[in-house]
Amino acid sequence: MAMKNQTFLGDFILLGFSEEPVMLSFLMAAVYTMVLMGNVAIFSIIHIDCHLQAPMYFFLSYLSILDICYSTVTLPSMLFNSITGNRRISFHRCFIQLYFFVSLGGTECLLLAAMAYDRYVAICKPLHYSTIMNRKLCFHLVAGSWVCGFLNSVLHTVMTSQLYFCDIRYVNNFFCDVPPLLRASCTDTLTSKLLLYVVSVFLGMTPFVFVIISYIYIISTIMKICSAAGRRKAFSTCSSHLIVVTVFYVTANYNYIGPTPGDSLDFERMSSILYSILTPLFNPIIYCFRNKEVKRALKRKLIPNQFSIKI
């Protein structure tokens, strides 16, 4: 099969779209609207309500920004392709999308780990919480997550862009990501796959293991609380974060580390949908409905005091 320099050769063809473009367009438009509305609401309420100034909400506000950016990298492009029926994406657009998608995904891995550390300090070291989780450390954790995520993406984008691709470039996904592009290459991708595996273990599995260890200590500490009410309150502050972490890490790590040659490509596409699109949608829903402080803040700002009801 002929190989040519990909810099001068045609577009990629995305195969992830169904044969029901109208329904798909409606669903993507609805999901993107809910992602924007939910995360903008979370970000706004945290910054205008004086009761939500704890480090936990500082991290949550940046998670909301991250989720807006994360979904914007893929959903508008998917919506355009679905409406127009044009599945093609140019070489440069593909790798720009790849760079930002991998950057933001890596950033979210690290930011979720920072949020787990915040919960660990709050529950296991409550007397030192305000001293340890000071504003400076919180800022450094957020900034470090963004810097490491974007630097990590440079490696993947440069390595993948140097591959040679076949004359017909099918990408078996809804958007440009590293694993489907490696499968679309006509040359040996062993080096790129090793890089993907090593970096994914470091940036994906290491934070996940850190989160698991943090929650082992957290649960151990909670079980030592004498009162049932105290245990419920402690669990309620962590449960929403644990749900988000489980959905994101399991699906993302499967997509980059777990698939084997015998796995269904449809299943891989579905796993990429879970961590790239549904997680930004679930985050505001989970944090609103499972976090009493956020619900109270929304009630204070959206419902007049005379008509407010107890949440």
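What you see is a predicted model, and the numbers here were worked out from it, not measured in a lab.
Although no hydrogens or angles enter the test, the distance criterion places no donor-acceptor pair under 3.5 Å between the side chain of S185 and the main chain of L181. Of the possible polar contacts, none joining the D177 side chain to the P179 backbone as a donor-acceptor pair under 3.5 Å is found. Checked by atom type and distance alone, the side chain of T74 never pairs as donor or acceptor with a backbone atom of F175 at under 3.5 Å. Not one N or O on the side chain of S220 forms a donor-acceptor pair closer than 3.5 Å with the backbone of I216.
By the criterion of side-chain heavy atoms lying less than 4.5 angstrom apart, applied directly or through intervening Ile, Leu, Val, Met, Phe, Trp or Tyr residues, F91 is grouped together with V154 in one hydrophobic cluster. Both I219 and V211 sit in one connected hydrophobic cluster of ILVMFWY residues. Membership requires side-chain heavy atoms under 4.5 Å apart, directly or through other members. Linking Ile, Leu, Val, Met, Phe, Trp and Tyr residues whenever their side-chain heavy atoms come within less than 4.5 Å leaves L196 and L155 in two separate clusters. Residue F202 is not grouped with residue V178 when hydrophobic side chains (ILVMFWY) are merged at heavy-atom distances under 4.5 angstrom, including chains of intermediate members. A single hydrophobic cluster is seen to contain both V40 and V31, as judged by linkage of ILVMFWY side chains at heavy-atom distances under 4.5 Å, directly or through other members.
Minimum heavy-atom separation, R93 to R88: NH1-O, 4.3 Å. Shown here for L79 and A29, the closest heavy-atom pair between the two residues is CD1-N, 4.1 Å. Residues Y217 and C124 share a closest heavy-atom pair of O-SG, 3.6 Å. Closest heavy-atom contact between Q97 and C176: OE1-N, 2.9 Å. Minimum heavy-atom separation, Q53 to R135: O-NH1, 4.3 Å. What you find for S192 and L182 is that their closest heavy atoms are CB-CD2, 3.6 Å.
A distance below 6.0 Å separates the ring centres of Y70 and F101. For F139 and F58, the gap between ring centers reaches or exceeds 6.0 Å.
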Item to complete: Take T157 and V102 through the side chain to side chain contact (heavy atoms under 4.5 Å, CB included) test and state the conclusion after the steps.
Response: CA-CA 9 Å; T157 304; V102 175; 5.7 Å; no

Practice prompt. Take F95 and L98 through the test side chain to side chain contact (heavy atoms under 4.5 Å, CB included) and record every step on the way to the result.
Written response: CA-CA 5 Å; F95 280 93; L98 170 69; 3.5 Å; yes

Discussion item. Determine whether Y62 and I65 satisfy the following criterion, side chain to side chain contact (heavy atoms under 4.5 Å, CB included), listing intermediate values before the conclusion.
Written reply: CA-CA 5 Å; Y62 280 95; I65 295 174; 4.2 Å; yes

Worksheet item: Passes side chain to side chain contact (heavy atoms under 4.5 Å, CB included), D67 versus E108? Steps please.
Response: CA-CA 8 Å; D67 284 337; E108 184 146 350; 3.0 Å; yes

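Counting only heavy atoms from C-beta outward, the side chains of L203 and L110 approach each other to under 4.5 Å. Side-chain contact check for L15 versus N173: every heavy-atom pair is 4.5 Å or farther apart. Looking at F248 and L112, their side chains come closer than 4.5 Å, going by heavy atoms from C-beta outward. Under the 4.5 Å side-chain criterion, counting only non-hydrogen atoms from C-beta, P284 is not in contact with V35. The shortest distance between side-chain heavy atoms of Y117 and V121 falls below 4.5 Å. With contacts defined as side-chain heavy-atom distances shorter than 4.5 Å, the pair T72/P76 qualifies. Side chains of Y215 and I218 form a contact here, defined as non-hydrogen atoms less than 4.5 Å apart. Using a 4.5 Å heavy-atom cutoff, the side chains of P207 and Y249 are in contact.
Under 3.5 Å, the side chains of D49 and Y57 contain no donor-acceptor pair of N or O atoms. Using modelled atom types, one finds no donor on one side chain facing an acceptor on the other under 3.5 Å when comparing T221 with Y120.
Here L163 contributes atom CG and F165 contributes atom CZ; the two are 5.0 Å apart, rounded to the nearest 0.5 Å. Here CG of D118 is found 9.5 Å from CG of L137. Values are rounded to the nearest 0.5 Å. Rounding to the nearest 0.5 Å gives a distance of 10.5 Å between CD1 of I277 and CG of L27. Y99 OH to T160 OG1: the interatomic distance, rounded to the nearest 0.5 Å, is 13.5 Å. The distance from the CZ atom of F80 to the CE atom of M28 is 12.0 Å, given to the nearest 0.5 Å. Here CG of N39 is found 7.0 Å from OG of S71. Values are rounded to the nearest 0.5 Å.
Note: W146 and F150 have parallel aromatic rings, judged against thresholds of 30 and 60 degrees for the angle between ring planes.
None of V147, V199, T107 except one satisfies the side-chain contact (heavy atoms from CB on, under 4.5 Å) rule with N152; the exception is V199.
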